[in-house]
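Working notes, beginning with the structure itself.
In what follows, chains carry the letters A, B, and so on, assigned in the order in which the sequence lines appear, proteins first and then strands, with residues in each chain numbered from 1.
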Amino acid sequence: MTYPTPQTLMPGDQFLAADLNGNGLRSPLRAAFQRPRAKLVYTGTGSSVSGSQPLAVAFGAGVGSSQYDDVWDGTTFADQTSRRGFLLPADGRYRIRCRWSWQDNASAGSGQRWLALYQSTSFIAGGSAIGNNVVSSPDPAAVVWGIGRRLTSTVCQAKFDITASFLKGTTLQIGVCQNSGVTVNWNTGIAFCWFSCHSLGKS
Amino acid sequence: MTIGTPVTWASGNALTATKVKDEVEDQFNALFSPPRAKLFSLSTASIASQAATTLHTTVAAGNLIGFTDVEAESYIGSMTTGTSPWTRLIAPVAGIYIVSAHGTFAANATSGRGGILRLNGTTWIDADIRPASPTASGVAPGPGGSTGTTSVTVTVDQKMAANDYVEFFMNQASGGALNTQSSWGYLELLWIGNSA
């Protein structure tokens, strides 16, 4: 997928219907209005075992859904295998947001909660539907952390909201972890565990 | 004409002034000035306390936040309804929107606070549930607040149909009624494009 380049007209050029449909008007407009964007929502049951390494999250069938996945040319943006994250279809700048929530109560222990964004050239192996596999060999330079503050008796949340440039083919995936000493369930649902990305244009 | 959905041209279509307005001027207007509206000047409200264990599940009618000012840039339909204080923003056209809101509670260090975005009167689409900020001196206040105030902020990408609407709620579990900080706070809706 490449962004259309608006057509340059020269003196004497005839402006035909094909030009209006192509790079003369319609194609760049469609691309501008429907830039790559997708949102994944976790709606199943999941949990984080206690540990210091993030757990890869997959929004697979039965536990997650894609609220939308749009690119003007029909390219899919979210990973279609098990909804592990986003496969960026073009060089450009992207805005990426995520919120993650854990259930919490006095018996769920203390400690911290973390949320990480991973950039790679392929989806990190081990992202299961329940997300109980440890992310292997993440690139430290590519990790963005959202650090949650624990609130006893209700939920604990972490969130990030960043803008960054990436190359075509980059995969974006999230991992979550906590170190309470016990397994903590996620507080899932469309308001509590979601991961979205949209293009801000080509670079 | 539907913004965000340029027509397919056929051979022989006349490029009339109306067509140019609909398919060039209005489309580019939508790109450069997408429909957006912001409610601001949050009305002071007294928010009743509730159990901390329900902050992420329950909002009462009294938790709905109203605003006394509106700033709207939409040439394809109103994004508000009624009169001040406004409590909801309406999508004038289908598409993907960025929905954001912010509010601040008066100083109090007990238990938790919440800020919730709700779609069409029922569906929570984002929720910021957090501990109350400490009241000790030296702790940086939330935006628009003084020491010990707690701010809640929500921002989410959301697919909406035309006439869908969003509202902002705040809840808290301090043990007693707690005021929201007047003036500081907003609810914003920004169209970022259409959806297939």
TODO: For the pair Tyr68(A) and Asp157(B), evaluate side-chain contact (heavy atoms from CB on, under 4.5 Å) and give the outcome as yes or no after the intermediate values.
DONE: CA-CA 10 Å; Tyr68(A) 53 84; Asp157(B) 307 75; 3.1 Å; yes
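- Distance check: Lys159(B) NZ to Ser66(A) OG gives 8.5 Å after rounding to the nearest 0.5 Å.
- Between Phe192(A) and Trp124(B), the two ring planes are tilted [angle within 30° to 60°].
- The minimum heavy-atom distance linking Lys159(A) with Thr155(B) is given by the pair NZ-O, 2.9 Å.
- Near-neighbour residues of residues 87-99 of chain B relative to chain A, defined by a heavy atom under 4.5 Å from a heavy atom of that chain, comprise Ile96(B), Ile98(B).
- Contacts between Ala10(B) and chain A at a heavy-atom distance below 4.5 Å involve the backbone alone (N, CA, C, O).
- Under the 4.0 Å criterion applied to side-chain N and carboxylate O atoms, Asp126(B) and Arg97(A) are not assigned as salt-bridge partners.
- In plain terms, the two heavy atoms of Ala17(A) and Trp9(B) that are nearest each other are O-CB, 4.1 Å.
- A side-chain donor-acceptor contact under 3.5 Å links Gln157(A) to the backbone of Ala127(B).
- Between chain A and the options Ile116(B), Asn13(B), Val24(B), Ile192(B), heavy-atom pairs under 4.5 Å are most frequent for Ile192(B).
- Taking all atoms of both residues into account, the shortest heavy-atom contact from Pro6(B) to Arg26(A) is O-NE, 3.1 Å.
- Heavy-atom pairs under 4.5 Å with chain B peak, among Arg35(A), His198(A), Lys39(A), Arg37(A), at Arg37(A).
- Per-residue heavy-atom pair counts under 4.5 Å with chain B were compared for Asp161(A), Leu29(A), Asn187(A), Ile190(A), and the maximum is reached by Leu29(A).
- If you measure heavy-atom distances from Val7(B) to chain A, the contacts under 4.5 Å come from the backbone alone.
- In this structure, Gln34(A) contributes its side chain and Asn194(B) its backbone to no donor-acceptor pair below 3.5 Å.
- Contact of Arg99(A) with chain B is made through the side chain alone, with heavy-atom distances under 4.5 Å.
- Neither the backbone nor the side chain of Thr57(B) comes within contact range of chain A, judged by heavy atoms closer than 4.5 Å.
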